[in-house]
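Report on one structure; see the data block that follows.
If you're wondering where the values come from, they're calculated on a predicted model, not measured in any experiment.
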Amino acid sequence: EAAGENVLFGGADPSIPDLVPADIEIRGNHLAKPLRWRAGNRDFEGTQWSVKNLFELKNARRVIVEGNVFEYNWPQSQNSFAILFTVRNQDGAAPWSVVEDVTFANNVVRHVASAINVLGRDDIHPSRRTARIAIRNNLFVDVGGQWGGGRLFQLLDGTSDVSIDRNTAFQSDSLLFGGDHAPHTGFVFQDNIALHNRYGIIGSGTATGRPSLDRYFPGALVRRNLIVGGRPEQYPSGNFFPASVEQVGFVSPQDGNYRLAASSSYRHTGTDGREPGADLDAIARFDAVRETKTR
């Protein structure tokens, strides 16, 4: 637990030229804000500590973030995306700042305002371009709603080679937001299960679906996703649009079991013949490791 940021790399200009924190592993942790800091919560203790984000990279390369639980983040000192891959040449003296070669996998993100924000270039000072971010096999639950916000993924200003692959998500607002300045190249969005809600995939000043993909994600690979409540005519072919969560065919969503039941018509519809969405057994293996460490 921490006020402001729980874990942050970058945020001050290095005094050593070309220094980028690198070869970082964040595994098997539980990162959260205490609810006693949230005004209106029954456990609120009367002091509104700074609440920003749970994990942020402003200057880092070759980072693995795997098998963690991130939870409880709300708008207070910022708009409160839980996870940020947002390159920053913080004070203008480190134009080599970059966020690249990051894997975010097998994590649980829950009870947060919004989930993941990725920035292609610093919008204040010169920086290098954010590149090669893999977001795969994660479970996102209770994003938005009572916590505010509700965006699942947000990509701004020209990222390169971001892939969002095989995640399961329940959010209250847009599935993917792209916007501001340069388009994103090499983008992949496949094998995910997520809610469409009102806007689905949308960008600044563009309509839902293909118009936003064409403007902000030209040439993107968007396939074999279950976009719950979406309209197929708005999206590229090769995706699926169950009308409701019930039609997806989860084993027991009310109990947190988001595996596809044997009766689900969407089994084996992923790009490799496997099931779309997160492999919850893989995520559970990290839970077992974390519980062992805390005993």
Side-chain angles (χ1 to χ4, degrees), residues 69-73 82 105-116 135-154 164-177 188-202 207-210 212-213 221-287:
V69 172
F70 301 91
E71 64 180 348
Y72 300 122
N73 209 65
N106 297 307
N107 301 288
V108 176
V109 180
R110 62 194 181 197
H111 317 314
V112 299
S114 296
I116 297 184
I135 301 168
R136 65 170 182 259
N137 207 70
N138 304 284
L139 176 64
F140 300 88
V141 181
D142 191 23
V143 176
Q146 65 169 312
W147 308 103
R151 282 184 182 172
L152 185 59
F153 303 115
Q154 176 172 282
I164 301 176
D165 185 3
R166 203 173 291 282
N167 302 278
T168 297
F170 299 88
Q171 85 288 353
S172 64
D173 200 351
S174 56
L175 165 57
L176 169 65
F177 180 85
V188 175
F189 189 82
Q190 65 183 11
D191 293 329
N192 301 287
I193 302 176
L195 306 180
H196 186 275
N197 297 318
R198 183 177 180 183
Y199 295 114
I201 297 176
I202 194 165
T208 290
R210 284 193 187 92
S212 293
L213 289 168
L221 187 62
V222 179
R223 61 179 182 171
R224 316 305 285 182
N225 301 287
L226 271 63
I227 304 176
V228 181
R231 293 163 51 191
E233 65 271 19
Q234 293 181 311
Y235 291 93
S237 60
N239 295 284
F240 306 95
F241 300 89
S244 65
V245 171
E246 290 72 25
Q247 288 190 12
V248 174
F250 292 118
V251 171
S252 181
Q254 66 273 16
D255 299 317
N257 188 344
Y258 301 108
R259 297 169 179 84
L260 294 184
S263 58
S264 172
S265 58
Y266 299 105
R267 295 192 73 197
H268 311 300
T269 59
T271 55
D272 54 4
R274 294 191 296 141
E275 297 174 357
D279 180 348
L280 298 192
D281 293 327
I283 294 174
R285 285 194 288 273
F286 286 94
D287 284 337

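By the 4.5 Å heavy-atom criterion applied to side chains, Ser174 and Thr208 are not counted as neighbours. With contacts defined as side-chain heavy-atom distances shorter than 4.5 Å, the pair Asp279/Asn137 qualifies. For the pair Asn138/Val109, no side-chain contact is recorded, criterion being any heavy-atom separation below 4.5 Å from C-beta on. Counting heavy atoms from C-beta outward, Thr168 and Val141 have side chains that stay 4.5 Å or more apart. By the 4.5 Å heavy-atom criterion applied to side chains, His111 and Trp147 are counted as neighbours. When side chains are defined from C-beta on, Phe189 does not count as touching Arg223, because their heavy atoms never get closer than 4.5 Å. The closest side-chain heavy-atom distance from Val248 to Leu260 is below 4.5 Å. Two residues are said to be in side-chain contact when any heavy atoms from C-beta on lie closer than 4.5 Å; Val69 and Arg110 meet this criterion.
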Discussion item. Does Asp281 form a side chain to side chain contact (heavy atoms under 4.5 Å, CB included) with Arg259? I'd like the steps, not just the answer.
Written reply: CA-CA 9 Å; Asp281 293 327; Arg259 297 169 179 84; 2.8 Å; yes
Worksheet item: Are Ile202 and Phe177 close enough, and set up right, to give a side chain to side chain contact (heavy atoms under 4.5 Å, CB included), and what steps lead you there?
Response: CA-CA 5 Å; Ile202 194 165; Phe177 180 85; 4.0 Å; yes
Discussion item. Side chain to side chain contact (heavy atoms under 4.5 Å, CB included) for Ile164 and Phe153? Distances and angles first, verdict last.
Written reply: CA-CA 9 Å; Ile164 301 176; Phe153 303 115; 3.7 Å; yes
Practice prompt. Kindly determine whether Ile227 and Gln234 satisfy side chain to side chain contact (heavy atoms under 4.5 Å, CB included), including the steps that lead there.
Written response: CA-CA 11 Å; Ile227 304 176; Gln234 293 181 311; over 6 Å; no
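For Ala169 against Leu152, the heavy-atom pair with the smallest separation is CB-CD2, 3.4 Å. Residues Arg166 and Asp272 share a closest heavy-atom pair of NH2-OD1, 3.0 Å. Scanning all heavy atoms of the two residues, the minimum distance from Gly144 to Ser172 falls at CA-OG, 3.4 Å. Here the shortest heavy-atom pairing between Arg224 and Pro276 reads O-CB, 4.1 Å.
A donor-acceptor distance shorter than 3.5 angstrom exists from the side chain of Asn197 to the backbone of Asp173, with no hydrogens or angles considered. Using a distance-only test at 3.5 Å, with no hydrogens or angles considered, no donor-acceptor pair links the side chain of Gln171 to the main chain of Ser114. No donor-acceptor pair under 3.5 Å is formed between the side chain of Asn225 and the backbone N or O of Asn239. The backbone N or O of Gly277 sits nowhere less than 3.5 Å from a side-chain atom of Asn192 that would complete a donor-acceptor pair.
Taking CG of Asp255 as the reference point, atom CZ of Phe250 lies at 13.5 Å (rounded to 0.5 Å). For the atom pair CZ of Arg285 and CG of Leu280, the computed distance is 11.0 Å after rounding to the nearest 0.5 Å. In this structure, CD1 in Ile116 is found 4.0 Å from CD1 in Ile135, a value given to the nearest 0.5 Å. In this structure, Asn167 CG and Ile193 CD1 are separated by 10.0 Å, a value rounded to the nearest 0.5 Å.
Using cut-offs of 30° and 60° on the angle between ring planes, the pair Tyr258 and Phe170 is tilted. The aromatic rings of His196 and Tyr235 lie perpendicular to each other, with more than 60° between the two planes, well past the 30° mark.
A salt bridge between Asp165 and Arg136 is absent, with no side-chain N of the basic residue lying under 4.0 Å from a carboxylate O of the acidic one.
Sparse packing is recorded around OH of Tyr199, with 12 or fewer heavy atoms of other residues, nucleotides or ligands lying under 6.0 Å away.
Residue pairs satisfying the side-chain hydrogen bond (donor to acceptor under 3.5 Å, both in side chains) criterion with at least one member in residues 261-270, sequence neighbours excluded, are listed as follows: Arg267-Glu275.
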